[in-house]
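Heads up: the structure comes next, in structure tokens.
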Amino acid sequence: MPDTVSGKRDGDTGAYRVGVVGAGYVGLTSAACLAHLGHRVTCVDVDEPKVQALRGGDVPISEPGLPELVAEGLREGRLSFGSEHAALASADVVLLCVPTPTGPDGDADLGAFDRALTGLHGTLAPGCAVVIKSTVPVGTTERAGRVLGLPAVSNPEFLREGHAVHDFLHPDRIVIGTADGDAADRVWRLYAGLDAPVLHTATASAELAKYASNAFLALKVSYVNVLAELCERSGADIAEVTATMGLDERIGPAFLSPGPGWGGSCLPKDTRALLRAADEAGVDFAVLADAVAANTHQHDRVVTKVREAVTGSAGGSLAGMRLGLLGLTFKAGTDDLRESPALVIAARLAAEGAVLTAYDPGARGTARPEHVQLVDDPGLVAKDAAGIVLLTEWPQFRELDWAQLAELAEQPTVVDCRNLLDPASLTEAGFTYRGLGR
Ligand code: UGA
């Protein structure tokens, strides 16, 4: 890294005046964590009620540690919220953290991103560095730099929902993608105090690395889900197979758990965008397209498994049957239902005429999912059910009184799509148990 320091500093403290555009998972986490690291941060969002709530310390997302960091920033005067881009006029560094959802053709929809650029145009000080944290296609960062007439740096985030604060403060890596040495230096100093390898890369490499990482995680899970199907047909146990694989340092133990399919606000949209980018570049990325197809196949497989478990036949009818769902969020530890495989499966079961009740410790109270009646007691999920389908790996599901649930159910059958429960204990509690690849 170049060791010259450019840009204005906040006194001699080494702190920057940081602007953050977007107060979603990434923007709010970045703003609160950077304030925690000592910077003076102003976070702007177009959602005025959200800004008002944040000014009062009310954090709208469920993210461990975030309310505490927001409160700390507000209390110590290092964190403020606004709805006008003009509030960022004197920033040394501005982070763009706006959503880039899937567009009509599978590519990233840059509407919010471009509106942010328009809002910032002519607002930022000449020495400001623009940091792109939004996940954007190759070329977008350089375009942002041209539009704003300022150096732009691709600095992708790798925050997992439910662990965002931890991941920000303890990153596996910090990627700084730019050809501008001064801007790279500025971003490097922004993260001073974090202990992580820093990769200074070309802008395009940093942009692509984000997509590549998420798509690879998707591929890994699809691989394991197909492997689980093979285990069922060949008498192997997926847990034993993945335990063996995971001890190979080159493979690693993470992301080897079978499930109802990968989902959430990132993996699905990023795999779609990467496929689209590959297509536009004339690159045949069949292995990734297959991982997406395997994910859809996984939804089919779960629905068939439920049909088989509940009716005794793969082609049986679910019409009028009461099914209880445990978990709706796309993974445990979040309240997020975006692209949740549980909702895809619920929609499929409802389309076959099943009557669905669901309990989810994260989505409780706030969500209004389609096709299901959300209840706040797992007992109501079991009551008169022809089957229970566990879709999200909330650890508390292990601690339920399964013997009591078996008594409440009309037919004590459980389909455990996360292999969370202990088959022997469930059998002892009176359930017929089915998992994935066990
Ligand atoms: C993902 C990445 O993990 C983060 O590194 C990235 O920063 C983030 O997207 C983003 O782009 O912002 P997240 O969406 O929070 O994070 O979700 P993951 O923890 O990656 O889980 C994705 C999906 O894979 C979930 O549906 C989860 O249940 C599923 N999964 C994960 C499995 O089915 N099996 C596993 O072993 C692991």
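These values consider heavy atoms only, across backbone and side chains, with no hydrogens, waters or symmetry-generated copies.
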Does some side-chain heavy atom of V241 sit less than 4.5 Å from a side-chain heavy atom of D237? no
Flag the pair E232 and R301 as a salt bridge only when some basic side-chain nitrogen lies within less than 4.0 angstrom of an acidic carboxylate oxygen. yes
Quick one: do the N155 and Y191 side chains pair a donor with an acceptor below 3.5 Å? yes
Quick check: closest heavy atoms across A218 and W262, and the distance to 0.1 Å? O-NE1, 3.2 Å
Smallest separation among heavy atoms of L328 and D360, with atom names: N-OD2, 2.5 Å
Can you find a side-chain donor-acceptor pair between T141 and E207 that sits under 3.5 Å? yes
Could you go through the salt bridge (charged side-chain N to carboxylate O under 4.0 Å, His left out) check for E393 and R398 one step at a time? CA-CA 9 Å; E393 74 283 21; R398 282 202 192 99; over 6 Å; no
If you define the side chain from C-beta out and look only at heavy atoms, does anything of R418 sit under 4.5 Å from L391? no
Measuring from atom CZ of R143 to atom CG of L117, what distance do you get when rounded to the nearest 0.5 angstrom? 6.5 Å
Within a 6.0 Å radius of atom CG on D284, are there more than 12 heavy atoms belonging to other residues, nucleotides or ligands? no
Output the distance between atom CD (E72) and atom CZ (R78), rounded to the nearest 0.5 Å. 5.5 Å
Check whether any side-chain heavy atom of L159 sits under 4.5 Å from a side-chain heavy atom of Y25, and report yes or no. no
Considering residues, nucleotides and ligands other than E68, do more than 12 of their heavy atoms fall under 6.0 Å from its CD? yes
Kindly indicate whether the side chain of H299, heavy atoms from C-beta on, has any atom under 4.5 Å from the side chain of P341. yes
Within the 4.5 Å heavy-atom criterion, are P258 and N419 side-chain neighbours or not? yes
Over 12 foreign heavy atoms within 6.0 Å of CZ, F158: yes
Using 0.5 Å steps for rounding, measure from the CD1 atom of I132 to the CD atom of E142. 11.0 Å
With rounding to the nearest 0.5 Å, note down the distance linking OG1 in T242 to CD1 in I251. 10.5 Å
For residues P361 and T329, determine if any side-chain heavy atom of one lies less than 4.5 Å from a side-chain heavy atom of the other. no
Within this structure, what is the OH-CD distance for the pair Y359 and Q373, rounded to the nearest 0.5 Å? 15.0 Å
Do we see a donor-acceptor contact under 3.5 Å between the side chains of T102 and R272? yes
Salt bridge K269-E339, side-chain N to carboxylate O under 4.0 Å: no
I'd like to know whether CD of E48 has more than 12 heavy-atom contacts from other residues, nucleotides or ligands below 6.0 angstrom. yes
Using a cut-off of 6.0 Å, state whether more than 12 heavy atoms not belonging to E370 lie near its atom CD. no
Ignoring hydrogens and geometry beyond distance, is a side-chain donor-acceptor pair present between S425 and W402 at under 3.5 Å? no
When you compare the side chains of E161 and S265, does any donor N or O come within less than 3.5 Å of an acceptor on the partner? yes
Nearest-0.5 Å distance that lies between atom OG1 in T140 and atom CG in D114: 8.5 Å
Does the side chain of V18 come within less than 4.5 Å of D92's, by heavy atoms? no
Taking atom types as modelled, find out whether E229 and H297 have a side-chain donor-acceptor pair closer than 3.5 angstrom. yes
Just so I know, are the side chains of H85 and V44 near enough to count as touching, which here means a heavy-atom distance under 4.5 Å? yes
